[in-house]
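One is the number of the first residue; the rest follow in order along the sequence.
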Amino acid sequence: MTIQFDEIYERRNTNSLKWDKFKERFRAKYRVEDDSDILPMWVADMDFAVPQIVIDAIKERLNHPIFGYSYISDECKEAIQQWYKRRHNWHINKDALIFHSGVVPAIATIIETFTEPGDKICISTPVYAPFFSIPKALNRQIIECDLVESKEHIYEYDFEQLEEAFKKGVKAYILCSPHNPAGVVWSKDTLKKLIQLCIKYDVLLISDEIHSDIVFEGHKHIPTMTVEGAEQAKIVACIAPTKTFNLAGLHAAIIVAENKQLRNALIQNKMAHGLDDWNVLAASGVQAVYEKGDEWLDRMIQYVSKNIDYLEQELNKLDGIRIIRPHATYLVWIDYRGTGLSENEMMDRLINKGKIALEPGTKYSEAGRGFLRINLACPFETVKDGVERFKKALL
């Protein structure tokens with residue numbers, strides 16, 4: 001398999017959210033003076049070409065000139081099952097698979113199915129922004145429970161604090177596993193404690209595991225449903241190949257609901273909204289990567305790990321900057337609290353002086369203030385360019 005992660009593709013003027021749309025999001029908020037040469041390293045979108053097997057599979061499907069109503073084949077379902085068994089030792093029941101257009105819409109569906117307006121949804125912050133924006137849009141109350149920094153400056157749970165939150169009548173808890181934005185791979189012990197707490201307070205556990213495939217050496221993702229005691233809890237998981245293989249534009253995700261009662265309720269909600277399964281091209285591409293994508297993924301993880309090495313080596317030299325090395329994901333959490341700069345000051349420097357667009361930490365709640373998120377799923381030359389722009393911003 002020929003894999004070229006060093007190749008730089010021109011993505012401007014391709015209707016790319018990352019490269020064409022970001023200027024609208026940053027221009028007004030940060031008083032951008034000149035947006036002609038800003039390097040976008042913000043949203044979780046790779047600048048790597050998708051595996052060739054995806055293109056080949058879609059081309060093969062295009063050879064048949066009819067795109068009528070379709071369904072997900074048993075072969076595609078089998079590919080999904082075998083991938084999670086092979087990569088994660090997770091034996092998923094074929095009947096437990098509910099197909100959706102994306103993990104965020106899937107989370108919205110789950111919340112809508114099992115909670116009512118006014119119900120409390122708990123999240124552990126800082127965390128992926130839709131975890132609070134989607135429940136709020138559905139008129140649910142958000143209960144934030146901050147993660148705490150360990151001695152190694154990585155996040156961990158304060159279970160006493162979380163239990164106090166659950167005592168307030170929480171109906172559902174949204175877990176980010178691995179964690180976004182800090183890239184934490186949660187331990188089996190942490191997941192077990194979380195599951196037991198959800199059982200004790202009858203809280204639905206929504207486990208977003210979209211980043212589960214991108215885990216670095218020395219760490220191992222543990223699917224929430226494989227943890228001891230999980231079968232006694234109310235758990236639904238959300239998985240997808242979209243972050244793994246840069247397929248977000250195909251709109252393909254899966255809700256895993258082993259509990260038959262939960263599954264039937266989700267299917268009923270899906271039918272009530274007239275939602276269909278994946279389109280024919282998405283199904284072809286997804287089946288291909290789950291059947292044959294291992295080598296591409298393994299090489300991509302190695303490549304991104306070296307990008308992180310370089311970022312860590314270079315930016316840790318700067319006064320007040322500390323790189324928090326992730327266990328997983330291609331996203332890196334940067335701690336700049338030591339610089340004494342406010343978020344507005346830092347973002348102004350990055351965008352208007354350094355000409356680089358990163359995610360501000362408060363996008364992930366107030367608990368993220370003093371941090372930035374950078375995306376390193378890009379060619380090494382882009383990483384080097386981004387590092388130099390970051391340095392220039394702090395001169």
Side-chain angles (χ1 to χ4, degrees), residues 17 43-45 54 58 67 69-81 83-84 88 90 92-115 121 123 128-135 137-138 140 172-178 180 204-213 223-225 234-290 293:
L17 174 71
V43 70
D45 176 332
V54 175
I58 291 176
F67 303 107
Y69 295 117
S70 61
Y71 59 90
I72 307 298
S73 69
D74 285 341
E75 290 79 10
C76 183
K77 293 176 183 178
E78 177 74 15
I80 295 165
Q81 286 178 296
W83 176 269
Y84 282 91
H88 302 292
W90 184 9
I92 302 175
N93 184 337
K94 191 183 296 185
D95 293 336
L97 303 174
I98 302 173
F99 299 94
H100 217 295
S101 61
V103 164
V104 171
I107 290 172
T109 293
I110 296 164
I111 290 171
E112 184 182 54
T113 303
F114 298 112
T115 68
I121 311 291
I123 57 175
Y128 184 48
F131 280 25
F132 40 89
S133 64
I134 293 298
L138 291 170
R140 273 60 170 177
Y173 174 81
I174 313 176
L175 168 67
C176 199
S177 180
N180 174 15
L204 174 70
L205 176 52
I206 306 168
S207 185
D208 175 357
E209 303 185 28
I210 194 171
H211 291 282
S212 62
D213 290 319
T224 307
M225 287 186 175
K234 296 190 299 186
I235 303 176
V236 286
C238 298
I239 57 177
T242 47
K243 288 289 183 284
T244 308
F245 296 105
N246 203 26
L247 303 178
L250 290 185
H251 297 287
I254 305 160
I255 299 173
V256 182
E258 293 285 1
N259 180 301
K260 189 174 182 180
Q261 185 176 355
L262 298 180
R263 181 165 70 246
N264 288 341
L266 287 165
I267 291 171
Q268 184 176 1
N269 179 287
K270 184 178 176 181
M271 292 174 63
H273 286 282
L275 297 175
D276 210 340
D277 291 339
W278 304 335
N279 67 68
V280 293
L281 300 185
S284 296
V286 171
Q287 181 177 336
V289 291
Y290 278 148

Asker: Minimum heavy-atom separation for Val289 to Trp83, with atom names?
Answerer: O-CZ3, 3.7 Å
Asker: Are Ile80 and Phe99 side-chain neighbours, meaning at least one heavy-atom pair lies under 4.5 Å?
Answerer: yes
Asker: Tell me every residue that passes side-chain hydrogen bond (donor to acceptor under 3.5 Å, both in side chains) with Thr115, counting only those two or more places apart in sequence or in another chain.
Answerer: Arg140
Asker: Can you name the nearest heavy-atom pair linking Pro135 to Pro130, along with the distance?
Answerer: CD-O, 3.5 Å
Asker: Which pair of non-hydrogen atoms, one from Ile235 and one from Met225, has the smallest distance, and what is that distance?
Answerer: O-CE, 3.3 Å
Asker: Is a side-chain donor or acceptor of Trp278 paired with a backbone partner of His100 at a separation under 3.5 angstrom?
Answerer: yes
Asker: State which residues pass salt bridge (charged side-chain N to carboxylate O under 4.0 Å, His left out) with Lys234; sequence neighbours excluded, sorted by chain then number.
Answerer: Asp202
Asker: What is the minimum heavy-atom distance between Asp276 and Lys270, and which atoms define it?
Answerer: O-CE, 3.8 Å
Asker: Among Ile255, Asn269, Ile98, exactly one meets side chain to side chain contact (heavy atoms under 4.5 Å, CB included) together with Ile110. Which residue is that?
Answerer: Ile255
Asker: Do you know the tightest heavy-atom contact between Pro241 and Ala252?
Answerer: CD-O, 3.6 Å
Asker: Minimum heavy-atom separation for Trp90 and Glu209, please, with both atom names.
Answerer: CZ3-OE1, 4.1 Å
Asker: Count the heavy atoms belonging to other residues, nucleotides or ligands that lie under 6.0 Å from CZ of Phe67, then report whether that count exceeds 12.
Answerer: yes
Asker: I'd like to know if Lys77 and Asp95 make a salt bridge, using a cut-off of under 4.0 Å between side-chain N and carboxylate O.
Answerer: no
